[in-house]
Amino acid sequence: MADACRIKVLPELLVRKIAAGEVVERPASVVKELVENAIDAGPTRIAIAIEDGGRQLIRVTDDGCGMTAEELRLSVAPHATSKITTEDDLSTVSTLGFRGEALASISAVSRLRIVSRSVESNDGFELQLTGDELQSAQFAGTTPGTTVEVRDLFFNVPARRKFLKTVSTEVGHIQEQFARLTLAYPRIAFELSNNNRTVHNLQSCAHRLERISRFYGHELANALLSIHRDERGVGIEAYTALPAHSRATANWQYTFVNGRYIRDRFVQHAIKEAYRGLIEPNRHAVIFLFLTVDPATVDVNVHPTKMEVRWADSNSIHSQVLSALRETFQRANLSPKLRFHSTPLETAGDEHSRMEQFAASVKTAIPVQPVSPVRANEGHPFASEPTSRTRNDFPASSRIPTDALDIWRQLYYPSTDSKSSPLSPAPMESSFEPSPELPSTRRLDSESQQRPRAIQMHNLYLVVESDDGILIVDQHALHERVMYEQLRSRLLQGTLESQQLLLPESLSVTPKQADLLERHSQLLRSLGIEITPFGADSVAIHAFPVLLKDADVVAFMRDLLDHLERSSAGAQAEEVVHEILDMMSCKAAVKAGDALTAEEIDALVQKRHLIDRATSCPHGRPTMLRLTKSDLNRQFKRT
């Protein structure tokens, strides 16, 4: 017991492992540290190669200044760096690396190999380490620059290796680090390969907007407003999207200071304030913000990841960013452009041919896919594997009529004898009609058997008379719950009904997003979404859920990708499906401000008796408030 209380000096390897726990969180952390060192070396090209999500191999090669044999030996020692030499240098850090911890920490938890040659030397030098043991040190033939290989990451820290996520998740984190580094340094060419397959090959370019265009596609780049400003010691270069291009998550907000990616609450608040009133509160702006300040006015030595900073004058940074964005918005035309379902432009001579093709497509299109028969649920939390269908699978009652008006009605309304309503998309049963397929359908009570006496207030709330008082219903929240339960019920049976688009929509995607679509292809098919690759950096959307016939296809798919990306980090399949159905029901439900007819109000109010959890929407917000007659009597002092 006495020995346990005595202070001891920890072994060198244990010290390094403790330090590695702060610096090397996962393979993406290794990529970040190695690429930052490579950038500090002044290269023109950096190549990154990974295998097995970075577990088996991470290799970073640059053509920078390189190291001599003596420098290479020192580089793996703790706190050995060429970036700073005195205490004063720490307050004016202008490089990405400066602590001298990265290589020492990485070598403690991997098998490390470094080959480097300085531009002044004729010979290269190679080091190989396993843990804290030097395996070999010898001269080697190589070109000027440095190559760092990290193999078997966390081989001697099984607990850390055990808690790594799936390969696809770790690759996603690496791609995110790659994006942050490449956006800040457009004049450096970058290449990323995964399992010997090239994922990105970004050539050197003169402007950041060009790098954004090459990385995220021309569609996004063309929607960005450029900002260039230099006032009171703060240089601002920003590329921010119009409010119409807002996203479901904040993953599209990239902020940098002096070339370093950061997350800062003052900057984020300034961005949010600039967009206040321009986008919905739950939406997030798309912005690439690059700040240039005097290194002495910002402290980057706050956190081991170097993503947090402290400002000498945070209020000045906040006001500069906010005013730059607001002035840009005041000068810009923020009205969203009208979108058409279009293909590449045709000449006037092709107009007649185009109209003939359009007419032919209407006559031959299959507007609605039938509901799959109920089967046992397998392999999917809500839906079984979609069955293959052909045109001959349609029953005789759903054959395409020859009359154009009938075609239109069958596309968008349940039947010719049902009431047309924006709340009743086809071919599902009317959103407000009783359905035997809804879960836990119950016998209507005496209140619901009579026509509810209800009125709409401010095109937002419904006031309904009940047996014991009144109900105040949020029309969007209740309809959202109705849509969610119907979608869930349909998905339990197979796939959602989908409509073939007359003209496929194209969607620009990043390699990471393309991988997400591929991994979730079965889920997308069950949701009634049909997607195929279309070129190197885009996909074509051929079919879309009938329930979302009025939605913007491209905007919906962007939000869907954001949800999939946010949920990919260890989320259960059922959670992913819940989020997607939640989003779909929100898009399909009536909105605040929509005027409803008396029949629509009546149908919506009655629907609350046919679904479970009718008192809250999928987000958890209440759908209705109840005031009893005793409450009213008490307020009017009738008791």
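By the 6.0 Å contact criterion, NE2 on His458 is open, its count of non-hydrogen atoms from other residues, nucleotides or ligands being 12 or less. The number of heavy atoms from other shown groups lying within 6.0 Å of CZ (Phe329) is above 12. Counted within 6.0 Å of CD on Glu273, heavy atoms from surrounding residues, nucleotides or ligands total more than 12; the atom is thus considered enclosed.
A distance below 6.0 Å separates the ring centres of Tyr216 and Phe288.
Here the closest heavy-atom approach between residue Glu170 and residue Gly53 is recorded as CB-O, 3.6 Å. Looking at every heavy atom in both residues, Pro186 comes nearest to Arg211 through O-NH2, 2.9 Å. Taking every heavy atom of both residues into account, Ala221 and Ser213 meet most closely at CB-CB, 3.6 Å. Pairing each heavy atom of Val286 with each of His245, the nearest pair is CG2-O, 3.4 Å. Between Asp582 and Pro618, the closest heavy-atom pair is OD1-CB, 3.4 Å. Taking each heavy atom of Leu516 and Leu564 in turn, the nearest pair found is CD2-O, 4.2 Å.
For the pair Arg208 and Tyr239, the cation-pi criterion (under 6.0 Å, within 45° of the ring axis) is not fulfilled.
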Inset, instruction - Might you work through the ring-ring contact (aromatic ring centres under 6.0 Å, His included) test for His200 and Phe190, ending with a clear yes or no? - result: CA-CA 8 Å; His200 289 287; Phe190 286 90; over 10 Å; no

Legend entry - Full working for side-chain contact (heavy atoms from CB on, under 4.5 Å) between Thr182 and Ile46: CA-CA 10 Å; Thr182 58; Ile46 298 176; over 6 Å; no

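With contacts defined as side-chain heavy-atom distances shorter than 4.5 Å, the pair Val309/Val302 does not qualify. For the pair Thr146 and Asn37, the minimum side-chain heavy-atom distance is 4.5 Å or more. Residues Ile529 and Leu560 are in side-chain contact: their nearest non-hydrogen atoms beyond the backbone lie under 4.5 Å apart. Under the 4.5 Å side-chain criterion, counting only non-hydrogen atoms from C-beta, Ile317 is not in contact with Val298. A heavy-atom distance below 4.5 Å is found between the side chains of Asn196 and Glu51. Taking 4.5 Å as the limit, every side-chain heavy atom of Val93 sits out of range of all side-chain heavy atoms of Asn301. Counting heavy atoms from C-beta on, the side chains of Leu491 and Ser526 come closer than 4.5 Å. A 4.5 Å side-chain heavy-atom check between Arg229 and Ser323 finds at least one atom pair inside the cut-off.
Here Arg558 does not pair with Asp552 in a salt bridge; the nearest charged N to carboxylate O distance is not below 4.0 Å.
Between the side chains of Ser508 and His218, not a single donor N or O lies within less than 3.5 Å of an accepting N or O. Side-chain N/O atoms of Tyr275 and Ser246 include no donor and acceptor closer than 3.5 Å.
Using a distance-only test at 3.5 Å, with no hydrogens or angles considered, no donor-acceptor pair links the side chain of Ser29 to the main chain of Val24. Judged purely by atom type and a 3.5 angstrom limit, Asp40 has no side-chain atom pairing as donor or acceptor with the backbone of Thr95.
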